[in-house]
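Following: one structure in structure tokens, then a few remarks.
This structure is a prediction, so every number in the text was calculated from the model and none was measured. Chain letters run A, B, ... following the sequence lines, proteins first, then strands; residues in each count from 1.
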Protein chains: 4
Amino acid sequence: MRHKGTSASIVEAAETLFAEQGFTETTVRQITSRADVNLAAINYHFGSKKGLIQAVAEKFLTPLCAELGSMMEQRQVADSSPSLEELLEMLMRALLLVHRENVNALAVFMRLLELAYMKNQEELRDFLISRYNDKLQPFIQLIRKDAAPMEDDEFFWRLHFLLGSITFTLSNYHTLHAIEKREFHSGAEVENILHRMIPVLSAGLQARADKTYFCRL
Amino acid sequence: MRHKGTSASIVEAAETLFAEQGFTETTVRQITSRADVNLAAINYHFGSKKGLIQAVAEKFLTPLCAELGSMMEQRQVADSSPSLEELLEMLMRALLLVHRENVNALAVFMRLLELAYMKNQEELRDFLISRYNDKLQPFIQLIRKDAAPMEDDEFFWRLHFLLGSITFTLSNYHTLHAIEKREFHSGAEVENILHRMIPVLSAGLQARADKTYFCRL
Amino acid sequence: MRHKGTSASIVEAAETLFAEQGFTETTVRQITSRADVNLAAINYHFGSKKGLIQAVAEKFLTPLCAELGSMMEQRQVADSSPSLEELLEMLMRALLLVHRENVNALAVFMRLLELAYMKNQEELRDFLISRYNDKLQPFIQLIRKDAAPMEDDEFFWRLHFLLGSITFTLSNYHTLHAIEKREFHSGAEVENILHRMIPVLSAGLQARADKTYFCRL
Amino acid sequence: MRHKGTSASIVEAAETLFAEQGFTETTVRQITSRADVNLAAINYHFGSKKGLIQAVAEKFLTPLCAELGSMMEQRQVADSSPSLEELLEMLMRALLLVHRENVNALAVFMRLLELAYMKNQEELRDFLISRYNDKLQPFIQLIRKDAAPMEDDEFFWRLHFLLGSITFTLSNYHTLHAIEKREFHSGAEVENILHRMIPVLSAGLQARADKTYFCRL
DNA sequence: TATGAATGAGCGTTCATTCAT
DNA sequence: AATGAATGAACGCTCATTCAT
């Protein structure tokens with residue numbers, strides 16, 4: 001635990017601060033000061049603040065995709081296609097893997113996804129897509145198989161409703177956990193929250209698309 | 001239309017920029033320059049950048065709560081309690097009201113809610129709660145009535161899963177719309193997206209909470 | 001003399017430091033510290049360090065060109081064309097005008113010309129040409145009239161030999177003056193140096209171009 | 001030709017970059033990166049960036065002085081003293097020797113001389129004087145013999161007018177060559193420029209010093 | 001009511017150099 | 001002899017805010 005190398009110290013400090021404050025709000029001075037390394041070390045090791053953010057992203061996404069892939073492989077030996085709940089459970093287990101490495105990992109990861117969907121962030125978006133889209137598409141297609149039958153565009157939006165639930169909850173887990181504790185005198189752990197999501201998200205994906213309401217809005 | 005007053009010009013410019021870039025990334029210089037007013041005008045009229053953000057918040061939340069309240073009042077004359085889908089439809093109609101005022105209004109509004117859940121943003125959170133909690137609680141309790149039976153904490157988390165879907169989708173509507181157009185050669189309007197959410201969110205709230213999966217994560 | 005305004009203080013301090021150290025070597029902190037103004041003042045008043053350099057340039061070049069123009073106008077009433085020595089004397093008198101406003105003005109001005117001829121400084125070069133070429137061309141053409149008959153390219157190079165003499169001497173006047181004082185126990189004033197240049201430059205321009213030496217190099 | 005040693009690679013890369021950008025604007029990172037050697041190599045082999053600059057200086061000045069010396073020796077067997085044009089031709093031939101070693105050599109060399117005349121560069125100036133003054137003085141005295149009769153201080157300034165012509169033209173040869181090509185659709189080679197200087201500089205040195213103009217400035 | 005000028009604090013980045021191996 | 005890692009100092013610039021009028 002003593003001295004784990006400048007690069008690793010920077011990444012660790014960055015994870016915590018990014019999770020708490022977001023990327024823009026976190027300064028390189030805060031990171032290097034918390035990591036107890038020289039101010040210039042981020043630029044030396046990662047080229048720029050942006051480079052550090054990408055390094056943090058890869059650190060999480062690579063094992064996550066790998067885990068998801070190996071789970072899917074294992075499951076595919078059976079003759080039946082996995083159910084929606086099974087698939088979401090896989091996803092949650094993969095997220096837990098990231099979570100267990102670092103308390104802040106999931107929050108950073110989710111903030112990164114949020115950031116990627118902002119305007120003027122095409123660079124980050126393209127970076128993530130180019131690196132991980134191939135690995136995630138098979139999983140997404142399996143989800144679609146067990147979801148309610150629907151058009152491509154309907155599925156596109158539902159997938160992002162789901163993504164919104166996950167990113168919002170995990171990005172702000174710290175705050176939500178604190179509120180829950182204050183209101184109900186007990187707080188759920190991340191594992192528990194991930195578990196609670198499964199039936200909710202599953203039901204949302206399996207809900208029948210109803211076009212008759214459209215006129216009434 | 002010609003000269004709509006310094007304050008209004010500032011708010012209008014701020015809405016667009018906040019929607020596109022978020023609050024931190026938007027500078028007072030960008031706002032005053034776009035509004036074609038003096039750099040000091042924001043501090044003069046709103047005290048600070050934070051004051052401007054709160055003014056924008058009130059501008060959206062006040063009519064939204066009012067609309068939601070009057071809808072509930074109208075509905076309460078009937079002898080039956082409103083269904084979940086009816087309630088969500090009310091919410092979406094109230095959001096549409098905000099949307100119709102300004103193309104960027106909903107995105108700003110949703111970014112504001114996201115911001116309110118961040119660490120170190122207790123001030124904004126408290127401000128919103130003190131001003132609007134009373135008005136929203138009755139609506140939330142009606143939702144709970146038609147949701148699946150569940151503990152307080154379970155309902156707390158599901159409400160935030162729902163909030164995540166809404167904020168993520170509407171904050172990033174601009175980006176998602178662009179992606180949809182590129183992929184499927186047609187893009188859904190905001191009204192349509194709001195409509196699509198209803199069955200999904202409704203199903204999520206009515207899903208039976210299943211504790212047997214817990215151990216498997 | 002007391003307080004002459006932030007802009008003017010900055011320009012004055014910049015002139016001295018640019019003259020002594022050149023542009024790159026002079027930092028905005030040195031300038032603002034010497035001018036006793038806030039560090040941000042340069043960016044506020046001139047947009048950037050580069051903007052300050054251009055402001056300094058215009059401050060010198062505009063009156064110089066004006067003076068040169070009015071001298072040429074006055075002279076043109078006579079029926080004869082001005083001699084090379086007369087023209088160089090005009091130039092030197094115009095330079096003296098700049099010099100009298102500020103001890104460092106000529107050195108800065110000359111460093112600026114040197115800078116404009118460097119690679120990767122096309123922006124500055126284009127800026128100067130677009131602003132002042134029209135005003136200098138008539139003067140240059142008068143010089144050509146009384147110079148020895150020669151090809152265009154020969155004249156081009158001789159003009160730059162002349163420019164080199166002037167820029168080098170005036171850029172480094174401070175150093176050269178100090179050396180002269182140390183070696184000969186007396187130092188020439190700028191006025192005197194400008195005067196001494198006239199017969200030398202004049203003779204250079206009137207020297208017969210000799211192509212027979214070419215093979216011997 | 002393949003691997004020419006770290007030191008030589010550094011010097012070669014430095015020459016090009018110094019010629020193009022000047023000394024301050026050229027960073028050790030640029031040099032080591034272009035030379036494809038370790039970042040620390042400059043400090044290791046030359047002690048500091050300043051040490052590298054001095055090494056480059058010696059590389060040029062030593063053969064130049066030697067050549068000039070041997071030319072003077074050869075010429076001295078004759079019973080007559082060499083003419084100004086002969087002497088300038090010797091100088092140009094010696095410069096060509098430097099030029100032939102490397103396309104950028106003359107530009108670097110001339111930039112170095114310019115640098116040596118700047119304030120705060122006494123160290124470099126003293127270094128050059130201590131090493132090469134003795135070797136150059138005889139040549140300078142020969143020049144004086146065939147120049148117009150004049151006071152010491154007059155000769156001092158004329159020598160620097162001449163130095164200015166040479167340094168300015170050769171430092172910026174790259175730029176001037178490009179301008180000439182654009183304007184006249186043909187560009188002169190360095191050899192040609194050196195040749196063209198001879199009659200101009202010679203005439204300048206032989207011009208009669210005229211003190212009657214003094215009062216008119 | 002409004003604004004041009006100015007400010008202190010802080011930003012991400014780059015510099016030549018040094019250190020440990 | 002050579003190098004990857006690291007460093008302290010400084011860089012130009014931008015931030016939200018305040019002041020004097």
Legend entry - Nearest-Å distance for atom pair CD1/C1', residues D/I42 and E/dT18: 15 Å

Inset, instruction - State which of F/dT18, E/dG12, F/dT7 makes the closest approach to the side chain of B/A40. - result: F/dT18

Legend entry - C/Y44 side-chain proximity, nearest of E/dA5, E/dT18, F/dC11: E/dA5

Legend entry - Minimum-distance nucleotide to B/K49 side chain [options: F/dA6, F/dT17, F/dC15]: F/dT17

Legend entry - Closest nucleotide among F/dA2, F/dT17, E/dT13 to the A/R29 side chain: E/dT13

Inset, instruction - Please state whether the phosphate of F/dA6, meaning OP1 or OP2, lies under 4.0 angstrom from any side-chain nitrogen or oxygen of A/H45. - result: yes

Inset, instruction - From the options E/dC11, E/dA2, F/dT17, select the nucleotide whose nearest atom is closest to the side chain of B/T6. - result: E/dA2

Inset, instruction - Tell me the partner of E/dT13, counting only Watson-Crick (N1-N3 plus N6-O4 or O6-N4) or G-U wobble (N1-O2 and O6-N3) with both under 3.5 Å; none if nothing fits. - result: F/dA10

Legend entry - C/S48, nearest nucleotide to its side chain (from F/dC13, E/dT13, E/dG12): F/dC13

Legend entry - Base paired to E/dT21 (Watson-Crick or G-U; both N/O distances under 3.5 angstrom): F/dA2

Legend entry - Nearest listed nucleotide, side chain of A/L39, among F/dT14, E/dT13, E/dA16: E/dT13

Legend entry - Atom pair CD1/CG of B/I31 and B/L39 - distance to nearest 0.5 Å: 10.5 Å

Legend entry - Distance, rounded to the nearest Å, where D/F46 contributes CZ and F/dA1 contributes P: 14 Å

